[in-house]
Each structure stands twice: as C-alpha cells, then as structure tokens.
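For reference, the structure discussed in these notes is given below.
Residue indices begin at 1 and follow the sequence shown. In this text, all values refer to a predicted model and were calculated from it rather than measured experimentally.
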Amino acid sequence: MSFPLLTATAVLPAVGAIATAAVPAKQRTAAKWLALLVSAGTLVLAALVAIRFDPDGGRYQLTESHAWIADFGVRYELGVDGIGVALVALTALLMPFIILAGWHDADPQETGNSRWRPTQGFFALILLVEAMVIISFEATDVFVFYIFFEAMLIPMYFLIGGFGDRAHAGTEENAAAQRSYAAVKFLLYNLVGGLVMLAAVIGLYVVAGNFSLQGIAEARANGSLSMATSTERWLFLGFFFAFAVKAPLWPLHTWLPNAMGEATAPVAVLITAVVDKVGTFAMLRFCLQLFPEASKWATPVILVLALISIVYGALLAVGQRDIKRLVAYASISHFGFIILGIFAMTSQGQSGATLYMVNHGISTAALMLVAGFLISRRGSRLIADYGGVQKVAPVLAGTFLIGGLATLSLPGLAPFVSEFLVLVGTFSRYPVIGIIATVGIVLAALYTLVLYQRTMTGPVKPSTEGITDLRVRELAVVVPLIAVLIFLGVYPKPLTELVNPAVKHTMSDVQKKDPKPEVEAAHK
C-alpha cells in the first residue's frame, strides 16, 4: 500500500493543532514555534504532492479510497487534479507567513492568570483551519467534502470573534461587540448556505445512490444515471448557493467586510486568501462536473451577478475610509472576476479563474499583511490617520506599493496574467460582459493608488512620525510573497501547465468548446 500522501497533508496540521493547544500555558513561544514548524512540514508535503502529480496523467491522482459509512454509500475518497494541487500548494504556502505575521497577535495583555491560553488557542485554530481547507481541496466524495466545508466554520468563528483586531476605535466593550457581530454574521450566512447544500447533498444521494464524484460522473457519462431537468437544476442551485456565500458573490457578500474588518490581519488573509477559495474551487469541481446542463442553464444569471460583484465591490472600495474594509471590498470585486472566468465556459476563462485564485491569494496576503504591520504601529485602521509614511518607513511603503500594484493587476505581477485570461475568455464568448468587466480594472487602479497616496505620500503627520520600518520577522513574511508575485508574473508557465489539463476535463464535462475567432478572409 502506497503512502497516503494526501491524507498526511491534511492530518499533519490537524495533529499539530492538537499539540499546539496542549503546550503549557506559560510556554507561548514554544507554541508559536511548534505551529510554524508544523506549517513548514505541511508545505513540504504539499510540495511532494505537486512533484508527484503528473499533469499529463489521469484526471485524479494520488487517490485514496476506503469504506467509511457503507450503508449510506459514503467512502473516504481523496484525489487531486491540477486545480486541486495548485490550491493545496497555495494554502500550504501561505500558512507559515500567516503564522509569522500573527506572531504577537494573540499574546495576552494580562498574564496574571496562568490558565489563560490565548496564544496556544490562536495558532491551534489556524492549523485546524488549514487541515480542513486542504482536505476540502482533496475530497472526491461529496459527503466528505460537505463535512469539512461546514466544519471549518467553527474554528473561523472563534478566530474572528475571540481574536479580533486591537486597532479599534472606541471602548473595548464596543470592539468586543463588533467582533461578536462579525463572527455571528459570518457563521449565520455560511450555515444557511451549508444547510441549503445539505438538502441538495441528500437529494443527490436519492438520485445517484452514492456520493462518489467520479462514480456519479461516470454513471452519467455511460447513461446508467439520468436526472430530470428540473431535478438537476434544483440540485445545482442548492450547491451553488452555498458556494456563492462562501466565495462570496453579490448579493451574498455582506458578511466579508465585517469579518475582515474585525479580524486580525493574518486571520483576514486566512478568510479571503484561503477559506473563500473553497467556494470558487467547488464551483469548478462539483457544480460543473455534477450538473453540466444546469450550469449552462444558470450561466447568464451568474455572469450578471459576477459582473455586479466586480463593479459594485470596486466602487465601494473607492469610498472606504477603513484600510481593511477597502481590501475586503476589493476582494469581492476580484472574486467576481474568478466566477466570471469559471462560467464564461472557455478554456482561457477557466484557466484564468484558477490562476486568479492562486494569484489573488498571494497578492491579497502581501497587501493585507503589510497593512496589518502598519495598523499595529499606529493603532488605527482609518486611512485619514496616516500620511507621509514613505518618509519615515520607506521599506514598509515600498512593499505596500508592490502589494497594491499586484492588486490592480499591473503587468509583470502575477494577477495580471490571470485577469487578462479571464477577460479574453469572457470576451470571446460574451463580448459585452467582457467590455463592462474592464471597468473593474479602472476602479482597481483608482482605489489602490488613492489608498497609497493618502497613507504613504505627502507631509508626515504628527501621528505617523513614530512609525518604524519593517523588522526582520516582517521582512521574512513580505519578501517571499513579493518574490512569488514577480516570478509568476514573469513566468506563469508552471501554473498554466498544471491547471490546463484539468480545465480541459471541465470543458469536456459541460460539452463546451472555445469559440473560434471571427476572421474575415483576406481575399474573397
């Protein structure tokens, strides 16, 4: 029996979470180093998954399958395609930087109670989320996916509500109330989506008799399983609704600005760069593969919703006064691009959407974590409280600028490639939607450059005179992320070669071919 590499990639952070939580209360530094080492070990395992994966091989590789709840057709089935490998790698890559960035975020302000263990709990919850996200990217059994899709809400709830941002205007009681509101809103929105999906999962079992993604797809392909049109559409809507909440897609997005605003910067990165990717990934893996006809039926409405997300999110980002909420609304706009690429039903669009998931995760992590370092120095999230930072902390300002330029998809940085592919893929089939979507690019340049101008340039405000530049630990967080953004911006081939075969399979599932360009003959 071969080594269960996929299981190990998820089990290691789960075991690490338990071990971190068990570290004695006074050994906070030991808990931090243990969490960091576990995340580094998970990154090594994820690298092995990427190395062992053959893009030219079968659709799902490194598969594991074991009987679990046989009476209900539930099996513990894991497998990865190129898209899954890319997102497992993204998750494992970001976690060490999230932990390093949050090194002091959960240090107790009062140490008199030796039984109080916030540091251990904070890092244990982060590792637990990592384990659940990774297994969600690997699961090929719908029921297994559903369990971890829902279970990750619990540690995220405590990370948002229990370890909120200390840079909050007003009293501590008001800050605690805001954190509690954001955490409950996050939980309720996602629980409602999950309950709707649960009904669809049960309906799928009634129709198919099992939960195996590959088994259901093969049964549909050979004609042994057929769904009535209305049944397929209802099941699709149940799955898509849950994924649209997680993504988040307008108008189901309102929980995200609250959650990101009240969470610490590393947890905000965990939300938008890692957890939310499960929603867009699941649209590709489950919606399009299980319900191809319903996916095509719903495409016009979904494209309009994605377009609204792009423009609406960007417009609200322009008007924000809070740095973290600005990044949150920018992320809503970016998720609109991802969903637009998925449902454009072109190979360029879906390849671009997958690359966008990876590149958005890295660029948002770079921008948000530098913003978190800035906010921790000044103690305020308000843009108006800053000015002239580049004169007192030039390295901080420079890294902030690169993260912002990546967010607006500047050529030469990784997000440009993905956004370009999404727009090309959309325009080739839906030219009007593709043209309108470019408004999001203009608005991205506006909110990013205005943010930089108001915080980093101009005269140094008295409140920012004492801001120090990035420290060694903070540089260890930011510099590798910027290096990856530049590398993938100049040379995206490793990612495109990984995901393109998986995209071809998805295009085959929905029986779509890329539209041929209309070229007039030179000679009639």
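Here the CG atom belonging to L6 is positioned 12.5 Å from the OH atom belonging to Y60, to the nearest 0.5 angstrom. Taking OH from Y329 and CG from L256, the interatomic distance works out to 9.0 Å, rounded to the nearest 0.5 Å. Note that CD of Q289 and OG1 of T506 are 7.0 Å apart. Values are rounded to the nearest 0.5 Å. Going from atom CG of L495 over to atom CG of N500 covers 10.0 Å, rounded to the nearest 0.5 Å. Atoms CG and CD1, from L446 and I441 in turn, are 14.0 Å apart once rounded to the nearest 0.5 Å. Distance CE/M357 to OG1/T280: 4.0 Å, rounded to 0.5 Å.
Of the possible donor and acceptor atoms, none in the side chain of T91 sits under 3.5 Å from a partner among the backbone N and O of I134. A donor-acceptor pair under 3.5 Å is absent between the side-chain atoms of T42 and the main chain of A92, judged by distance alone. Remark: the backbone N or O of I126 is not paired with any side-chain donor or acceptor of E130 at under 3.5 angstrom. At distances below 3.5 Å, at least one donor-acceptor pair connects side-chain atoms of E64 with backbone N or O atoms of T7. Judged purely by atom type and a 3.5 angstrom limit, E232 uses its side chain to pair as donor or acceptor with the backbone of E293. Using a distance-only test at 3.5 Å, with no hydrogens or angles considered, no donor-acceptor pair links the side chain of T448 to the main chain of A445. Within the 3.5 Å criterion, the main-chain N or O of A263 finds a donor-acceptor partner in the side chain of K324. Of the possible polar contacts, none joining the R52 side chain to the L62 backbone as a donor-acceptor pair under 3.5 Å is found. K277 places a side-chain N or O within 3.5 Å of a backbone atom of T272 that can act as its donor or acceptor partner. Panel note: side chain R285, backbone A139; a donor-acceptor pair is recorded below 3.5 Å.
Aromatic rings of H253 and Y312 (six-membered ring for Trp) have centroids within the 6.0 Å cut-off, being under it. The aromatic ring centroids of F343 and F240 lie less than 6.0 Å from each other. In summary, the aromatic rings of F243 and F149 are positioned with their centroids under 6.0 Å apart. Separation of the F186 and Y157 ring centroids does not fall under the 6.0 Å cut-off.
Taking both residues in full, the closest heavy atoms of I98 and P266 are given as O-CB, 3.6 Å, listed atom of the first, atom of the second, then distance. Contact detail for D81 and F53: the closest heavy-atom pair is C-CZ, 3.6 Å. The two residues V422 and A353 have their closest heavy-atom pair at CG2-N, 3.6 Å. Considering all non-hydrogen atoms of both residues, A17 and L128 come closest at CB-N, 3.9 Å. The heavy-atom pair separating G193 from V245 by the smallest distance is CA-CG2, 4.5 Å. In terms of heavy-atom proximity, L12 sits nearest to G41 at CD2-C, 3.5 Å.
Contact check for L252 versus F241: side-chain heavy atoms found under the 4.5 Å cut-off. Side-chain atoms of D276 and I271, non-hydrogen and from C-beta on, do get closer than 4.5 Å to each other. The closest side-chain heavy-atom distance from F239 to V142 is below 4.5 Å. Within the 4.5 Å cutoff, the side chain of I332 has no heavy atoms near those of the W250 side chain. With a 4.5 Å cut-off on side-chain heavy atoms, F420 and Q348 do not count as touching. Proximity of I310 to V439: side-chain heavy atoms (C-beta onward) are nowhere separated by under 4.5 Å. Within the 4.5 Å cutoff, the side chain of P415 has no heavy atoms near those of the T407 side chain. Between I69 and R75, the closest side-chain pair of non-hydrogen atoms is not below 4.5 Å.
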Exercise. Can you check side chain to side chain contact (heavy atoms under 4.5 Å, CB included) on L191 and E150, steps first, answer last?
Worked result: CA-CA 7 Å; L191 276 179; E150 285 291 274; 3.7 Å; yes
For this session: Show your reasoning for whether side chain to side chain contact (heavy atoms under 4.5 Å, CB included) applies to I435 and F427.
Result: CA-CA 7 Å; I435 292 170; F427 184 83; 3.8 Å; yes
For this session: Tell me, with the steps shown, if T140 and L78 meet side chain to side chain contact (heavy atoms under 4.5 Å, CB included).
Result: CA-CA 5 Å; T140 56; L78 305 181; 5.5 Å; no
Problem set entry | Worked verdict on L213 versus F145 for side chain to side chain contact (heavy atoms under 4.5 Å, CB included) | CA-CA 10 Å; L213 178 65; F145 170 83; over 6 Å; no
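The closest side-chain donor-acceptor pair between E77 and S212 falls under 3.5 angstrom.
In this pair, F281 and F137 present their aromatic rings perpendicular. The plane angle is above 60°, beyond the 30 to 60° band.
Within a 6.0 Å sphere centred on NZ of K504, heavy atoms belonging to other residues, nucleotides or ligands number 12 at most.
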